[in-house]
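I have placed the structure first, in the form of structure tokens, so that the comments after it can refer back to it.
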Amino acid sequence: MIPPGADTVLVRHADVGVKSGKVQTEMERRLRDNVAALLDDRGVDAEVERRWSRLLVHADESSVDAATDAAADAFGVQSASAALVVPPEEDAIVDALARTAREYAATDAAGDTFAVDARRAGEPEAHPFTSKDLENEGGAAVFAELDDPEVDLDDPDATFFVECREDEAFVFTEQRAGPGGLPLGSQGKVVALVSGGIDSPVAAWEMMKRGAPLVPVYLELGDYGGPDHEARAMETVRRLADYAPNFEMAVRRVPAGDVMALLDEEVGPARMLVYRRFMYRVAEHVARETNAAGIVTGEAVGQKSSQTTRNLAATSVATDLPIHRPLLSMDKPEITERARRIGTFRDSTIPAGCNRIAPDFPETNATPGIVDEAQPEGLYDRAREAAANATLVEL
Ligand code: ATP
Ligand code: MG
């Protein structure tokens with residue numbers, strides 16, 4: 001439930017707050033632009049303002065709910081609250097709390113226990129009351145509106161929040177969780193290898209969460225992939241792009257069917273490892289061309305035979321760029337839960353194409369030398385050519 005009359009969103013940022021002054025200002029500006037782009041993309045008419053190292057979104061009563069959701073989808077946001085703005089006076093605040101409680105009491109979700117959580121910011125002498133006064137007076141007002149209520153400060157059914165600033169006070173009831181992290185664009189780009197599986201979009205999203213825009217790359221595997229496989233990869237990138245309307249997210253589609261056929265024919269137990277090297281090399285070329293600073297994959301230690309610690313070592317030598325693996329230590333249920341939360345799960349439930357060329361008895365304990373031996377001559381030339389032949393798929 002949102003306070004009646006709420007028309008403003010209070011946006012708290014996450015890791016931005018740990019930065020030095022100048023960096024923080026720049027990050028706040030970036031966050032402001034990103035939130036404004038999300039609002040615009042969703043057709044929400046609202047203004048974003050930077051204030052007291054927060055953002056305020058000025059919407060109206062009919063759009064404040066959608067504006068809160070949009071703000072809570074921006075990377076770098078800790079939480080967002082739809083708030084009722086009142087003068088910073090005790091009477092006005094207590095009255096706003098009472099009105100909010102009355103509305104709350106009328107909803108089906110209304111519980112019995114509540115708390116009032118008041119904070120005062122600014123100079124102590126700015127207000128003739130303390131936050132404790134607000135909690136006491138406000139608590140009494142809320143109490144009077146609810147049906148047989150009880151105060152519970154530890155685990156209340158509802159919390160009525162007050163944030164009192166020098167010039168205005170905010171009353172709100174929810175803190176919608178954002179993704180946390182840093183504003184998108186505050187880090188250098190990374191090439192995201194997206195397969196259409198469950199893992200890769202989650203890994204890519206984790207890099208976006210830390211501020212890195214993506215250069216999505218999909219390897220088209222010919223007979224070893226297929227249109228459903230590809231459609232899923234594109235669909236998951238589209239979901240990711242929804243979080244980044246002011247960033248270019250076209251997918252680079254790299255032809256790799258020939259190489260897959262070659263590996264299928266010529267390479268035995270180390271086939272998948274050679275394929276991994278090829279893939280990293282392709283990503284490296286795209287990174288050089290697009291000025292990206294690294295590669296992100298959905299690999300996790302031991303999840304597949306190609307992802308044992310030894311095999312990751314034996315394949316990572318194909319590139320000098322850092323390969324970011326945000327899912328490194330995660331279990332599949334954990335990754336799946338995240339995929340559901342960020343909205344990429346539904347589009348990625350069919351196993352990706354690798355399964356179709358995996359050898360029956362894959363190497364699990366390779367050394368770089370073993371993969372060197374298995375690697376067809378000219379593999380890296382093929383990677384360069386494949387990257388050069390990439391086509392751009394606009395979403
Ligand atoms: P996902 O990891 O996305 O669920 P998967 O587990 O089947 O799919 P693997 O085939 O083991 O993935 O590949 C590991 C990683 O390599 C993927 O997370 C992804 O980053 C990358 N990758 C795999 N196949 C492709 C592809 N066809 N195009 C681009 N990247 C790919
Ligand atoms: Mg995987």
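Counting convention: from 1, in listed order, for ligands and their atoms alike.
- The closest donor-acceptor contact from the side chain of H13 to the backbone of M27 lies at 3.5 Å or more, if one exists at all.
- For ligand 1 and V217, the ligand atoms under 4.0 Å from any heavy atom of the residue are 29 (C).
- At least one donor-acceptor pair closer than 3.5 Å links the side chain of D157 to the backbone N or O of D112.
- Residue S306 has no nitrogen or oxygen atom sitting less than 3.5 Å from a nitrogen or oxygen atom of ligand 1, judged on distance alone.
- No more than 12 heavy-atom neighbours from other residues, nucleotides or ligands sit within 6.0 angstrom of CD on E150.
- Scanning A204, S195, A339 for the heavy atom closest to atom 25 (C) of ligand 1 points to S195.
- Surrounding CD of E265 are at most 12 heavy atoms belonging to other residues, nucleotides or ligands under 6.0 Å away.
- Scanning D199, T236, L219, V194 for the heavy atom closest to atom 4 (O) of ligand 1 points to D199.
- Judged by distance alone, with hydrogens and angles left aside, the side-chain atoms of E47 form no donor-acceptor pair with the main-chain N or O of H58 at under 3.5 Å.
- The shortest N/O to N/O separation between G298 and ligand 1 falls below 3.5 Å.
- Distances between N or O atoms of Q307 and those of ligand 1 include at least one value under 3.5 Å.
- Taking every non-hydrogen atom of T297 and a distance limit under 4.0 Å, the qualifying atoms of ligand 1 come out as 20 (O).
- Not a single N or O atom of H229, backbone or side chain, sits closer than 3.5 Å to an N or O atom of ligand 1.
- For I198, a nitrogen or oxygen atom sits less than 3.5 Å from a nitrogen or oxygen atom of ligand 1, counting backbone and side chain alike.
- Put simply, part of Y275 is less than 4.0 Å from ligand 1, judged by heavy atoms.
- Inspection of the N246 and N34 side chains reveals an N or O donor paired with an N or O acceptor under 3.5 Å.
- Both the sub-6.0 Å distance and the 45° axial angle are not jointly satisfied by R119 relative to the ring of F172.
- Residue-level proximity to ligand 1 for R276 is carried by the side chain, the only part with a heavy atom below 4.0 angstrom.
- With Q303 as the fixed residue, the side chain to side chain contact (heavy atoms under 4.5 Å, CB included) test singles out one of I335, T308, L328: I335.
- Of all the heavy atoms of Y224, none lies under 4.0 Å from any atom of ligand 1, so neither backbone nor side chain is involved.
- Applying the 4.0 Å criterion to heavy atoms of G197 picks out, from ligand 1, the atoms 1 (P), 3 (O), 4 (O), 8 (O).
- Taking any N or O of L193, backbone or side chain, at least one lies under 3.5 Å from an N or O belonging to ligand 1.
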Would you please test F160 and Y104 for ring pair (Phe, Tyr, Trp, His ring centres under 6.0 Å) and show each step?
CA-CA 10 Å; F160 298 83; Y104 171 70; 5.7 Å; yes
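- Atoms of ligand 1 lying under 4.0 Å from any heavy atom of S200, numbered from 1 in the order shown and given with element: 1 (P), 2 (O), 3 (O), 18 (O), 19 (C), 20 (O).
- Under a cutoff of 6.0 Å and an axis angle of 45°, R253 and Y218 do not form a cation-pi pair.
- For Q303, the closest heavy-atom approach to ligand 1 falls below 4.0 Å.
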